[in-house]
Amino acid sequence: TQSTRPQRLLGAVQKNATRGDPRSVVQAIDQFCRQKEWAMNVGDEKGCILDSVVSEVNPATVLELGTYCGYSTVRIASLLPPHAKLITLEFNPDFAAIARQVIAWAGVEDKVHLVEGASGDWIPKMTEQFGVKTFDLVFLDHWKDRYLPDTMLMEECGLLRKGSILLADNVICPGTPDYLEYVRSSLRYESQYFKSHLEYTKVEDGLEKSVFLG
Ligand SMILES: O=C(NCCCOCn1ccc2cnccc21)c1cc(-c2ccc(F)cc2)cc(O)c1O
Ligand SMILES: [Mg+2]
């Protein structure tokens with residue numbers, strides 16, 4: 001039977017990356033996606049912007065919406081302080097199964113809690129299920145038409161505090177126009193656009209960083 005792209009990506013990690021070395025896992029995935037098959041990881045160019053935001057925020061609690069194969073999960077987890085927690089949500093069970101193995105290969109499983117399900121169902125349960133009061137950083141990288149409703153849901157559930165950072169991928173390509181309009185016009189957010197490119201291509205894309213003002 002045919003393998004899937006995530007399965008082939010995992011194979012490239014197991015072949016080319018060193019167990020327990022998150023940076024080598026990131027490099028192996030980027031090499032696979034540049035040389036073999038494109039895949040929707042945040043990628044190396046936007047990944048550097050992600051790294052700088054994570055390092056600046058130095059978060060104790062992180063929520064990632066959209067795990068896919070775990071590329072950004074590994075990038076973020078490798079930069080977290082010792083007792084920090086990263087909760088990552090993945091809707092597709094096949095993607096989640098691959099991501100668990102990529103995360104384990106990188107040796108960051110102790111910092112990561114991968115949850116399978118839909119953001120609309122899980123966001124209201126974050127506090128009771130994981131004991132998280134608020135998130136210091138949220139990385140939005142799931143269905144592009146869910147960025148806005150889920151941001152409003154996080155506000156309603158009290159998961160954002162004064163200073164919480166939202167970092168959104170793909171605000172240009174595929175695009176999240178309603179989300180961009182909201183965070184850029186709302187008096188409750190201070191937003192900044194980081195111009196970049198769609199992973200592994202020359203197409204414009206970028207990350208939007210928005211600080212919740214409370
Ligand atoms: O679609 C994308 N990502 C989302 C995956 C599903 O996410 C579903 N999903 C994951 C948790 C989760 C929780 N609740 C609901 C849905 C939930 C995505 C797409 C592209 C892209 C750009 C140009 C193209 F020509 C084709 C594709 C690039 C990206 O960087 C992306 O991130
Ligand atoms: Mg993305």
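Numbering of ligands and ligand atoms starts at 1, following listing order.
Salt-bridge check for K202 with E45: failed, with every basic side-chain N at 4.0 Å or more from each acidic carboxylate O. Salt bridge annotation for E109-R100: absent, with no cationic side-chain nitrogen under 4.0 angstrom from a carboxylate oxygen.
With hydrogens left out, the protein atom closest to atom 28 (C) of ligand 1 is E199 OE2, 3.2 Å, a heavy atom. Atom 11 (C) of ligand 1 has L89 O, 3.4 Å as its closest protein atom, hydrogens excluded (heavy atom only). At the top of the distance list for atom 14 (N) of ligand 1, counting protein heavy atoms only, stands S119 N, 2.8 Å. Among all protein heavy atoms, the one lying closest to atom 17 (C) of ligand 1 is F91 CB, 3.5 Å.
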| request: Start with the C-alpha gap between D178 and Y147, add the side-chain angles, then the distance that decides, and say whether side-chain hydrogen bond (donor to acceptor under 3.5 Å, both in side chains) holds. | output: CA-CA 9 Å; D178 59 345; Y147 284 25; over 6 Å; no

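Here L198 has side-chain heavy atoms under 4.0 Å from ligand 1, and that is the only part of it that gets that close. At a 4.0 Å heavy-atom cut-off, ligand 1 touches N170 through the side chain alone. At a 4.0 Å heavy-atom cut-off, ligand 1 touches W38 through the side chain alone. With a 4.0 Å heavy-atom cut-off, ligand 1 is reached by no atom of N41. Neither the backbone nor the side chain of R146 has any atom closer than 4.0 Å to an atom of ligand 1 (non-hydrogen atoms only).
Counting just the N/O/S atoms of D169, the one with the shortest distance to the Mg ion (ligand 2) is named OD2. Considering just the N/O/S atoms of D141, the one nearest the Mg ion (ligand 2) carries the name OD1.
Taking any N or O of K144, backbone or side chain, at least one lies under 3.5 Å from an N or O belonging to ligand 1. An N or O contact shorter than 3.5 Å is missing between T67 and ligand 1 by distance.
With no hydrogens or angles considered, no side-chain donor-acceptor pair links S196 and D205 at under 3.5 Å. S3 and R8 form a side-chain donor-acceptor contact under 3.5 Å, judged by distance and modelled atom types alone. For the residue pair E64 / S72, a side-chain donor-acceptor distance below 3.5 Å is found, with atom types taken as modelled.
Under a cutoff of 6.0 Å and an axis angle of 45°, R184 and Y193 form a cation-pi pair.
Ligand 1 lies out of reach of G43, whose nearest heavy atom is not under 4.0 Å from it.
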